[in-house]
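Numbered from 1 within each chain, the chains take letters A, B, ... in sequence-line order.
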Protein chains: 2
Amino acid sequence: MTPRKSPDDADLEALPPGLAAAWGVVDAGGRRGPKPAHSVEEIIAVATELADAEGIAAASLPKVAGRIGVTTNALYRYVSSKEELVVLLADRAWGDPPALPDGDWREAAALWSRRLFERFLSRPWLLDVPTTVSLTPHNAAWLDALITVLRPTGMEAQQMLNCAYLLDSHARYGANLRRNTPTPAALRRANPDQQRAVRAVRVFLDGQLRSRDLNAVADALENPTFLSDEPPLDGFEFGLARILDGIEVYVRR
Amino acid sequence: MTPRKSPDDADLEALPPGLAAAWGVVDAGGRRGPKPAHSVEEIIAVATELADAEGIAAASLPKVAGRIGVTTNALYRYVSSKEELVVLLADRAWGDPPALPDGDWREAAALWSRRLFERFLSRPWLLDVPTTVSLTPHNAAWLDALITVLRPTGMEAQQMLNCAYLLDSHARYGANLRRNTPTPAALRRANPDQQRAVRAVRVFLDGQLRSRDLNAVADALENPTFLSDEPPLDGFEFGLARILDGIEVYVRR
DNA sequence: TTGTTACTGTGCACGGCATGAACACTTCAT
DNA sequence: ATGAAGTGTTCATGCCGTGCACAGTAACAA
C-alpha cells in the first residue's frame, strides 16, 4: 500500500524537504538494531496537540520531545528536520476532504470552500505554515475532490486549477481575518481586557485615519467589518458568492 | 505633521505592538542626554536591504545592528521589540498606492490588484510577515485608494471592504504561488540544478498522484500550472477577471 | 556462538535568536 | 554645578535547530 523507494523513482535527494516523507516514500532502513520506541505518527500527534493548544511556535522540537519523554535529538531518528515535521503536521491537519454532491458544481464548490474555511478556523496555526511544499496527500485529495466536481463545467484543466486557487485563497484569507478580528459574538464572550483592547484599536485607528483624510476607510470600518454573525451577510460568504458568480460567468462563456 | 501622543488618545498601552509606532504616535521623549547616533528610518532601511537580499529571516536584530555598526541591544533604543520592527518594515514596503483612473471602477480595481501583485513579487518577504496588525499608514492608503474608486458603484461600505479583501487576497496568493513555482521563462533562466529540482518534483508528484488515483489533479498539473508567461492567460489574470466579473454581477444587482 | 553491523537514544556542543539588567557616559534643564 | 534623562555597551539568560561522538541493543553472518 505505502509506496517505497524504488530505483525508477526520480532522485529523492532533489526534492524539497518533507515532500517525500509526506507521501510516505522513505528508504525504510534495515531492521537491525533496537526497535524504535516511538513513531512518526506519535510525534505528529503530539506536535498537533501542542500547536492546537498554543500555536505553531509551541510545536518546537524540544517541547515535542519533552512531552514524549525523549531527548530532542531523538526526534531526528524519525524526522530529518524541523521543516519536514511541519510539512507532515500540516498535511495531517488538512484531513480528508468532504464528500461533495455531484450535479450542481456551484453548490459543491461552495461547500468545499466553506469546509476548508472551517478547517482553517479550527486549526489557525495551519495558516502560519509556509506553503512552499504545495502538494501533499491530504491537500491533493482536497484539490482532487474539487476538480472532480468542476469537470462537468467543461473548463480546461488549467482553469479548474485556477478556480481551486481562488477558493483556497479566499478560505485562507477569510480565516486569517477572523482570527485577527473577532466577530461581535466572540467579542461579547471575550474577557474585559480583550474587549478594551479591541475598542482601543478601533478608536485609535479611526482617529488616525480621519486625521490623515483616509475617510473612505474610516467610514468602512465604522460598523464592525469582515465577519458579522449572520452567514448570508458576512465577508466570507459575500466573497464566496462573488467568486462563484465570476466562475459562472466564465463557464457560460 | 507627525501626530504625537496627547491625553485624549485612547490608551496606547492596549494597542498591539507596533501599531502606534507605525502611525508615528510615540511619546517623543525629552531632549536630554546624547543625541541618538541613528534613527528608526535608518534601521528600517537597513533591515529592508537585508530582507530584500536574503528574506525576512535575514532581518534579525543582530544582523541589522551589525550592519549599522552597533550592538544588538542598542536597537532597543529605537524600537521596542522585533515585532514592532517587522510592522514598520512591512508598512514601509507597501509604499504608496498607485494613482487610479476614475470613471471606470473595473479598470481601476484591476490596476490596483496588479500593482499590489507586483509589489508582492518584488518584495516576496512581505508575504512572510504575519498580518496581525492590519492597518498601517501605507496599507491604509492603498485601501483608501481602492475604496475611493469603488464608491461610484453604489456598494455599501462593508461590501467595498470585502471586495478589497478579495483583491488583496488574490494578489498575495498569486505572488506566493509564483514564488514557489517559477514561470517557464524563469525556469529557462535558472541554473541546471534548479531545473533538475523542479523536474524532479514534477515527476515525483505525477507518480504519486496517479498511484493514488488522484488523476484529476495529475492531469491538471501536466502542463505547467499557475502562471504562464502571457498575461491574458496566466493564473493571476484569470482569477482577477473572475473576481471582477463577480463584483460586476453584484453591482448590477 | 561469536563477531559484525545497523540502528537506537543520550550527552555534549555550537551558533543563532530575542530580550533583560546593570553600567558608564553624555547632554540638557534647573 | 548638579542631577535627571537618554545613549550605547557589557554581561547574562533562555529559547531554538542541529551536528557529532558514544554506549547500548538487536539482528544477521561466520
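Between the CG atom of Leu50(B) and the P atom of dG16(C) there is a distance of 15 Å, given to the nearest Å. Atom pair His38(A):NE2 and dC7(C):C1' shows a separation of 15 Å (rounding to whole Å applied).
Between Phe236(A) and His170(A), the ring-plane angle classifies as parallel under the 30° and 60° cut-offs.
Comparing dT19(C), dG9(C), dG17(D) against the side chain of Ala37(A) picks out dG9(C) as the nearest.
For the side-chain hydrogen bond (donor to acceptor under 3.5 Å, both in side chains) condition, the pairs that include at least one residue of residues 39-62 of chain B, sequence neighbours left out, are His38(B)-Glu42(B), Glu49(B)-Arg67(B), Asp52(B)-Arg123(B), Asp52(B)-Trp125(B).
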Identify each atom pair where a protein N or O and an N or O of nucleotides 24-27 of chain C are less than 3.5 Å apart, giving names and distance.
from	atom 1	to	atom 2	distance (Å)
dT27(C)	O2	Gly33(B)	N	3.2

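Taking a cutoff of 4.0 Å between a charged side-chain nitrogen and a carboxylate oxygen, Asp206(A) and Arg202(A) do not qualify as a salt bridge. Using a cutoff of 4.0 Å between basic side-chain nitrogens and carboxylate oxygens, Arg172(B) and Asp168(B) are scored as salt-bridged.
The stretch residues 66-83 of chain B touches DNA chain C through Thr72(B), Asn73(B), Tyr76(B), Ser81(B), Lys82(B), each having a heavy atom under 4.0 angstrom from the strand.
Under the rule for a side chain to side chain donor-acceptor pair (under 3.5 Å), the partners of Ser80(B) that lie at least two apart in sequence or sit in another chain are Glu84(B). The side chain to side chain contact (heavy atoms under 4.5 Å, CB included) test applied to Asn73(A) returns Tyr76(A), not counting sequence neighbours. For Gln194(B), the side chain to side chain donor-acceptor pair (under 3.5 Å) test picks out Asn191(B), with sequence neighbours left out.
Phe117(A) and Trp112(A) have their aromatic ring centers separated by at least 6.0 angstrom.
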